[in-house]
Amino acid sequence: SVAFTLSNTAIELALQKSEVYVLITFHLCFAFIFRNGYLDPTDKNSFYFMPWGFVGVLIGLMTFFIVYYNNFCFGRYLKMYRMTRQLLSSVTTVMQEMRFRMPQPVPPDPKLLGCQRSVGRYTIASIYCFFFYMNSGLSVSHREYNIMRQHHLLTEEEQIYLEEFEGSPFHAILDWAIMVCYFALVKKERDRHIRALAKIVNDLRSSMIEIEDTILMPIPFQYFHIM
């Protein structure tokens with residue numbers, strides 16, 4: 001059942017923290033002490049006594065901040081979901097525009113067909129590379145590059161280049177896609193079509209950058225401290 005799923009949830013992350021187990025241990029110890037009468041919670045002179053009026057204020061504040069915090073987290077999640085869907089839909093847009101801007105003549109031109117496939121391959125490879133990059137802590141492992149090679153998204157030479165590349169590899173792949181479009185277009189129509197294709201590819205790049213910036217910008221720790 002989804003309700004009992006722990007993977008990829010905040011509960012899984014919380015259970016990995018030692019502080020959680022320390023707090024649970026303190027709670028169990030004090031619960032045992034009070035329930036067995038070792039300390040009297042009704043003794044107003046006791047260090048452990050707390051008026052219920054204070055508790056009511058704290059509960060009200062905690063409820064407000066929990067609701068606000070959860071609403072903020074859910075809004076952030078929806079934003080990430082929309083950007084990711086936009087990222088994936090941009091691939092289809094690139095492919096459609098490429099077919100429109102670089103139509104196949106009759107009989108088909110093998111060179112142009114190869115360029116179309118290269119643009120599609122690079123666009124899909126950039127998506128793979130981006131998700132690997134974000135999931136692996138801003139890096140792409142050799143195993144992940146091999147997965148892209150197994151799907152025929154990269155050649156051996158391209159994999160070697162990207163593994164030695166110092167920047168974000170998905171930016172380099174998108175640059176390759178634009179360069180292929182530039183050389184595939186007829187010279188007299190190049191300026192008109194390359195701008196449209198470059199805009200779509202750069203929109204794809206902008207979505208990647210926005211997702212990366214959102215993930216790297218954590219929610220302020222003040223929310224945790226207040227709660």
Side-chain angles (χ1 to χ4, degrees), residues 8 74-104 109 111-187 189-218:
N8 299 322
F74 191 67
R76 181 183 172 99
Y77 162 76
L78 289 179
K79 177 184 177 182
M80 293 289 297
Y81 179 79
R82 285 193 298 268
M83 289 190 296
T84 304
R85 295 300 301 174
Q86 181 181 354
L87 190 70
L88 297 176
S89 65
S90 297
V91 177
T92 305
T93 305
V94 170
M95 304 300 292
Q96 290 175 341
E97 286 293 322
M98 180 187 61
R99 293 293 300 273
F100 173 73
R101 305 284 177 178
M102 295 185 291
Q104 274 288 351
D109 183 1
K111 181 179 178 181
L112 182 58
L113 181 61
C115 291
Q116 290 176 339
R117 289 178 175 175
S118 294
V119 173
R121 179 168 62 86
Y122 287 146
T123 305
I124 298 173
S126 68
I127 301 294
Y128 267 76
C129 192
F130 173 73
F131 286 128
F132 283 143
Y133 181 82
M134 297 306 301
N135 189 57
S136 302
L138 305 184
S139 63
V140 182
S141 66
H142 181 73
R143 181 184 63 83
E144 291 167 338
Y145 278 121
N146 286 336
I147 292 175
M148 287 188 278
R149 277 196 60 196
Q150 291 172 4
H151 287 81
H152 305 288
L153 298 175
L154 294 175
T155 63
E156 183 178 359
E157 292 78 11
E158 291 166 349
Q159 177 180 349
I160 294 173
Y161 176 85
L162 291 173
E163 287 181 340
E164 297 176 354
F165 187 71
E166 295 183 356
S168 301
F170 53 89
H171 288 309
I173 298 175
L174 289 176
D175 289 338
W176 294 347
I178 295 177
M179 293 303 297
V180 171
C181 292
Y182 180 83
F183 289 113
L185 289 168
V186 180
K187 187 174 182 180
E189 299 178 350
R190 182 175 293 164
D191 292 340
R192 180 164 59 95
H193 291 313
I194 196 64
R195 290 192 184 95
L197 288 168
K199 182 182 183 303
I200 298 170
V201 174
N202 286 328
D203 288 343
L204 178 62
R205 190 198 310 271
S206 298
S207 298
M208 292 178 176
I209 293 174
E210 189 173 2
I211 292 174
E212 181 180 2
D213 291 342
T214 303
I215 292 177
L216 295 180
M217 182 176 61

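When a residue number appears, it is its place in the shown sequence, counting from 1.
- The distance from atom CZ of R82 to atom CD1 of I211, rounded to the nearest 0.5 Å, is 12.0 Å.
- Taking CG from L216 and CE from M134, the interatomic distance works out to 5.0 Å, rounded to the nearest 0.5 Å.
- One distance of note links NE2 of H142 with CD1 of I147; it measures 11.0 Å at 0.5 Å rounding.
- At distances below 3.5 Å, not a single donor-acceptor pair connects side-chain atoms of N135 with backbone N or O atoms of F131.
- The side-chain heavy atoms of R149 and L153, taken from C-beta on, include no pair separated by under 4.5 Å.
- Residues V140 and P169 approach most closely at CG2-CG, 3.9 Å, considering heavy atoms.
- Q116 has its side chain out of reach of V180: every pair of non-hydrogen atoms, C-beta onward, lies at least 4.5 Å apart.
- Here the straight-line distance linking atom CD1 of I127 with atom CD1 of I173 works out to 10.0 Å at 0.5 Å rounding.
- Looking only at side-chain heavy atoms (C-beta outward), S168 and Y133 come within less than 4.5 Å of each other.
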Item to complete: Let me see the working for Y161 and E158 under side chain to side chain contact (heavy atoms under 4.5 Å, CB included), right down to the final yes or no.
Response: CA-CA 5 Å; Y161 176 85; E158 291 166 349; 5.7 Å; no
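- The closest side-chain heavy-atom distance from I178 to N202 is below 4.5 Å.
- Y122 has its side chain out of reach of M179: every pair of non-hydrogen atoms, C-beta onward, lies at least 4.5 Å apart.
- Across all non-hydrogen atoms, the minimal contact from C129 to M148 is N-SD, 3.9 Å.
- Scanning all heavy atoms of the two residues, the minimum distance from I215 to M80 falls at CG1-CE, 3.4 Å.
- The nearest pair of heavy atoms linking L174 to S126 is CD2-OG, 3.4 Å.
- Between E97 and K199, none of the side-chain N atoms (NZ, or NE/NH1/NH2) sits under 4.0 Å from a carboxylate O, so this pair counts as no salt bridge.
- The minimum heavy-atom distance between Q159 and Y145, with the atom names listed, is NE2-CB, 3.6 Å.
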Worksheet item: Going through the checks in order, is the side chain to side chain contact (heavy atoms under 4.5 Å, CB included) test met by R121 and T155?
Response: CA-CA 10 Å; R121 179 168 62 86; T155 63; 4.2 Å; yes
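- No more than 12 heavy atoms of other residues, nucleotides or ligands lie within 6.0 Å of OH in Y128, so this atom counts as exposed by the packing criterion.
- Atoms CE and OG, on M95 and S90 in that order, are 13.0 Å from each other to the nearest 0.5 Å.
- Once rounded to the nearest 0.5 Å, the distance linking CZ of R143 with CD of Q150 reads 10.0 Å.
- Using a 3.5 Å distance cut-off with no hydrogens or angles, the side chains of H171 and D175 do not pair a donor with an acceptor.
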Worksheet entry | side chain to side chain contact (heavy atoms under 4.5 Å, CB included) between R117 and H152, intermediate numbers included | CA-CA 11 Å; R117 289 178 175 175; H152 305 288; over 6 Å; no
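- Between F74 and L78, the closest side-chain pair of non-hydrogen atoms falls below 4.5 Å.
- Contact detail for C181 and V119: the closest heavy-atom pair is SG-CG2, 3.6 Å.
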